[in-house]
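None of the values given here were measured: they were computed from a predicted structure. Residue numbers start at 1 and run along the sequence shown.
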Amino acid sequence: MGKRVAVVLAGCGVYDGSEIHEASAVLVHLSREGAQAEVFAPNISQMHVVDHVKGQPTPEQRNVLVESARIARGNIKDLAQLDVKGLDALIIPGGFGVAKNLSTWATQGKNCSICREVEDVLRAFHAAQKPIGLCCISPVLAAKVFPGCEVTVGHDTECEKWPYAKTAESMRELGCKHVNSHVTEIHVDPRNRLVTTSAFMCNAPIHEIHDGIGNMVKEVVRLA
């Protein structure tokens, strides 16, 4: 029987939710590895809603669970219902929703707080020594919850290819070790059983981002 992997989403759309290509890549690669994805999201309001054509906030209000259900094709559960005992691993794709809905990183950086249900789930998998996969901006959750952990968000020197590289310095200030890596590469922290990859933190061809996420998923399933 295949591994059962919890996938936690943060809404639907790069600027205010989960990055759709990353979430889809996670689900595709889990299927390829013969694993069963179980999708969850917190039943909370989004920080805000962004018009993805204009790149500007709108007056709308949306719910993270309801929006995440779009990616999950309706097959989704409230994160409050997650039971770590029946699951083998956890994966959280990136997207600004991680920094806006699952945490307050977007507005507070290293001084952020983590959504209670998200922190509880991270700690539960960590305590059970079950692997956690994180890509794009989501490694900041581990940096905040597990001081001293090792992660990657790509590179720590800002340039056109790595526009969000300053994130690495903020993570270091939280006491974690950042390891530079290429977009197709992963970093494994064996002590904390964390597997991370940079995904859209890098301006790279989408197939390279897809491949990096595939390497992350493959390692998470192997460790499970």
Side-chain angles (χ1 to χ4, degrees), residues 2-15 17-39 52 68 70-73 88-99 102 125 130-143 149-168 171 176-190 192-224:
K3 303 294 185 181
R4 297 176 65 202
V5 180
V7 178
V8 175
L9 300 182
C12 181
V14 58
Y15 298 128
S18 287
E19 210 297 320
I20 296 170
H21 296 288
E22 292 180 16
S24 177
V26 166
L27 297 174
V28 168
H29 285 293
L30 283 173
S31 176
R32 181 165 286 144
E33 294 300 314
Q36 177 184 338
E38 299 201 13
V39 187
H52 279 57
S68 298
R70 295 175 180 272
I71 297 174
R73 296 173 59 86
D88 299 296
L90 168 68
I91 294 178
I92 306 180
F96 279 93
V98 171
L102 304 191
F125 276 90
K130 295 181 178 181
I132 299 170
L134 304 163
C135 65
C136 195
I137 192 64
S138 64
V140 302
L141 302 174
C149 68
E150 298 179 8
V151 294
T152 187
V153 289
H155 278 240
D156 57 7
T157 302
E158 192 170 302
C159 61
E160 185 177 354
K161 185 173 182 178
W162 298 99
Y164 309 108
K166 290 181 180 177
T167 303
M171 296 165 82
C176 81
K177 178 181 178 181
H178 180 267
V179 179
N180 284 346
S181 65
H182 183 63
V183 67
T184 59
E185 295 175 333
I186 63 173
H187 181 73
V188 180
D189 176 348
N192 290 292
R193 297 179 70 78
L194 297 174
V195 185
T196 53
T197 191
S198 60
F200 277 103
M201 297 295 277
C202 181
N203 279 330
I206 194 167
H207 72 274
E208 292 187 2
I209 290 161
H210 194 273
D211 290 347
I213 292 171
N215 291 331
M216 180 265 287
V217 169
K218 186 178 293 186
E219 183 65 11
V220 167
V221 172
R222 189 189 72 81
L223 290 171

With Ala224 via side chain to side chain contact (heavy atoms under 4.5 Å, CB included) - residues at least two apart: Lys3, Asp88, Ala89, Pro131

If a pair satisfies side chain to side chain donor-acceptor pair (under 3.5 Å) and one of its residues is in residues 18-27, list it, with sequence neighbours excluded. none

Here the pair of heavy atoms bringing Thr152 nearest to Val179 is OG1-O, 2.6 Å

Would you name the heavy atoms of Gly11 and Ser68 that are closest together and state the gap between them? N-OG, 2.8 Å

Atom CH2 in Trp162, atom CG in Asn203: separation rounded to 0.5 Å? 9.0 Å

Closest non-hydrogen atoms of Gly95 and Cys136, given as atom of the first, atom of the second and distance, are N-SG, 4.2 Å

How long is the gap from CG on Asn192 to SG on Cys149, to the nearest 0.5 Å? 6.0 Å

Can you list the residues that meet the side chain to side chain contact (heavy atoms under 4.5 Å, CB included) rule with Phe96, with sequence neighbours excluded? Val14, Tyr15, Lys100, Tyr164

Pro139 versus Met171: any side-chain heavy-atom pair under 4.5 Å? yes

Ile92 CD1 to Ser138 OG distance, which is reported to the nearest 0.5 Å: 6.0 Å

Spacing of NE2 belonging to His52 relative to CD1 belonging to Ile20, to within rounding of 0.5 Å: 7.0 Å

Can you tell me which residue among Leu134, Thr197, Thr196 is in a side-chain contact (heavy atoms from CB on, under 4.5 Å) with Met216? Thr197

Glu208: which residues meet the side chain to side chain contact (heavy atoms under 4.5 Å, CB included) condition with it, sequence neighbours left out? His182, Val183, Thr184, Ala204, Pro205

Side chains of Cys202 and Ile209 in contact at under 4.5 Å (non-hydrogen atoms): no

CD-OG1 distance between Glu158 and Thr167, expressed to the nearest 0.5 angstrom: 8.5 Å

Looking only at heavy atoms, the pair that brings Ala10 and Gly97 closest together is CB-C, 3.5 Å

I'd like to check Lys130 versus Leu90 (side-chain heavy atoms, cut-off strictly below 4.5 Å). Are they in contact? no

For His29, the ring pair (Phe, Tyr, Trp, His ring centres under 6.0 Å) test, sequence neighbours excluded, returns His210

Find out whether Ile213 and Val28 are in side-chain contact, i.e. whether some heavy atom of one side chain is under 4.5 Å from a heavy atom of the other. no

Between Asp156 (side chain only) and Asn180 (backbone N and O only), is there a donor and an acceptor less than 3.5 Å apart? no

Check: Ile132 and Arg193 side chains under 4.5 Å, non-hydrogen atoms: no

Using modelled atom types and a 3.5 Å cut-off, is there a donor and acceptor pairing between side-chain atoms of Ser198 and backbone atoms of Gly154? no

Using a 4.5 Å cut-off on heavy atoms from C-beta on, say whether the side chain of Val153 contacts that of His178. yes

Of all residues at least two apart in sequence or in a different chain, which pass the side chain to side chain contact (heavy atoms under 4.5 Å, CB included) check with Asn215? Ile186

Starting at NE2 of His187, measure out to CG of Leu194 and round the result to the nearest 0.5 Å. 9.0 Å

For the residue pair Val151 and Cys176, establish whether any side-chain heavy-atom pair is separated by less than 4.5 Å. yes

Start with the C-alpha distance between Gln36 and Val5, add both sets of side-chain angles, then the distance that settles side chain to side chain contact (heavy atoms under 4.5 Å, CB included), and finish with yes or no. CA-CA 6 Å; Gln36 177 184 338; Val5 180; over 6 Å; no

Would you find a donor on one side and an acceptor on the other, under 3.5 Å apart, between the side chain of Arg4 and the backbone of Ala37? no

